[in-house]
Amino acid sequence: MASDGRQELEADMVGRRNPRPKGSLELEIVAGIAAADGPLTAAEVLSALGRPLAYTTVLTTLTRLFEKQVLTREPRGRAYAYRLVGNRTEAEAWLTAREMQKVLDTGNDRASVLTQFVGSLDETSEQLLRELLQRHPGLEPVTKSSSGHTDGPPE
């Protein structure tokens, strides 16, 4: 007996609580909208993705991207058509930065988390981070006091 796409999708999802990596659908949708010539409705995004997803899943993701200010929307008939606020690179960077901030906000010891993060960077990324921090307005340099404590702007 042949199965339709919905049955295959349901079978694929059996026993899996979260079948996609977090944020992957958002990034797919951002890429699809970025590749389009103009704004897309949820139905057009679903069609462009070319894989079996529920319309409501796509619509919910579009709504969340709109609420995160990654997309704008304009009425088109009884639906909305969505477009990126900036370009694809900016949208993806914004989404990644939001996730990083959420993870950082869940930690109890920010200094330890950031220390581990900076310690895990390769030399190129660490240098880029240093340059970005130097250019960031309102940041004062962080120095170590003679007692070994870090002195800098309060958190």
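It should be emphasised that the depicted structure is a prediction, and the values quoted were computed from it without experimental measurement.
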Trainee: How would you list, by chain and number, every residue that makes a salt bridge (charged side-chain N to carboxylate O under 4.0 Å, His left out) with Asp105, sequence neighbours excluded?
Mentor: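 Expected list: Arg110.
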Trainee: Who passes side chain to side chain donor-acceptor pair (under 3.5 Å) against Ser112, sequence neighbours left out?
Mentor: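 Applying side chain to side chain donor-acceptor pair (under 3.5 Å) to Ser112 gives Asp109.
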Trainee: Taking side chain to side chain contact (heavy atoms under 4.5 Å, CB included) as the definition, give me every residue that meets it alongside Leu46, ordered by chain and number, with sequence neighbours left out.
Mentor: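 Only Leu53, Tyr55, Val58 meet the side chain to side chain contact (heavy atoms under 4.5 Å, CB included) criterion with Leu46.
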Trainee: So, taking the atom named CG in Leu71 and the one named CD1 in Ile33, what distance separates them when rounded to the nearest 0.5 Å?
Mentor: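 Going from CG on Leu71 over to CD1 on Ile33, the span is 4.5 Å.
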Trainee: Could you name each residue pair satisfying side chain to side chain donor-acceptor pair (under 3.5 Å) that touches residues 58-70, not counting sequence neighbours?
Mentor: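 For residues 58-70, and leaving out neighbouring residues, the side chain to side chain donor-acceptor pair (under 3.5 Å) pairs sorted by first residue read Glu26-Lys68.
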Trainee: What distance do Leu129 atom CG and Gln134 atom CD have between them, rounded to the nearest 0.5 Å?
Mentor: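 The CD atom of Gln134 is 10.0 Å from CG of Leu129, to the nearest 0.5 Å.
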Trainee: Listing request: all side chain to side chain donor-acceptor pair (under 3.5 Å) pairs with a residue in residues 89-98, at least two apart in sequence or in separate chains.
Mentor: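 Qualifying pairs: Arg88-Glu92.
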Trainee: Does the structure place the NZ or CZ of Arg73 under 6.0 Å from the centre of the six-membered ring of Tyr80, at an angle of no more than 45° from the ring's axis?
Mentor: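 Positive - Arg73 is close enough to the ring of Tyr80 and near enough to its axis.
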Trainee: For Asp37, which residues count as a side chain to side chain contact (heavy atoms under 4.5 Å, CB included) partner, sequence neighbours excluded?
Mentor: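 Per chain and number, Asp37 pairs via side chain to side chain contact (heavy atoms under 4.5 Å, CB included) with no residue.
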Trainee: With sequence neighbours excluded, tell me which residues meet salt bridge (charged side-chain N to carboxylate O under 4.0 Å, His left out) with Arg76.
Mentor: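 Checked Arg76 against salt bridge (charged side-chain N to carboxylate O under 4.0 Å, His left out); matches are Glu44.
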Trainee: First locate atom CG of Leu25, then atom CG of Leu49, and finally report the distance between them rounded to the nearest 0.5 Å.
Mentor: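 Interatomic distance, Leu25 CG to Leu49 CG, rounded to 0.5 Å: 6.5 Å.
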Trainee: Please name all residues satisfying side chain to side chain donor-acceptor pair (under 3.5 Å) with Gln127, sequence neighbours left out, ordered by chain then number.
Mentor: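 Glu131.
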Trainee: Can you name the side chain to side chain contact (heavy atoms under 4.5 Å, CB included) partners of Thr72, sequence neighbours left out?
Mentor: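 Thr72: side chain to side chain contact (heavy atoms under 4.5 Å, CB included) contacts with Arg83, Val85.
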Trainee: What are the two closest heavy atoms between Val30 and Ala91, and how far apart are they?
Mentor: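 Shortest heavy-atom separation between Val30 and Ala91 comes out as CG1-CB, 3.8 Å.
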Trainee: Under 4.5 Å between side-chain heavy atoms, counting indirect links through other Ile/Leu/Val/Met/Phe/Trp/Tyr residues: same cluster for Val103 and Leu95 or not?
Mentor: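 In one cluster with Val103: Leu95, no.
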Trainee: Could you please spell out the steps behind the side-chain contact (heavy atoms from CB on, under 4.5 Å) verdict for Glu74 and Tyr82?
Mentor: CA-CA 7 Å; Glu74 57 196 50; Tyr82 296 84; over 6 Å; no
Trainee: Could you note down all residue pairs passing salt bridge (charged side-chain N to carboxylate O under 4.0 Å, His left out) where residues 117-126 supplies at least one of them, sequence neighbours left out?
Mentor: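 Residue pairs with at least one partner in residues 117-126: Glu126-Arg130.
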Trainee: Who else is in the cluster with Leu114 when I, L, V, M, F, W and Y are joined by side-chain contacts under 4.5 Å?
Mentor: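 So far as hydrophobic clustering goes, Leu114 is joined with Leu104, Val113.
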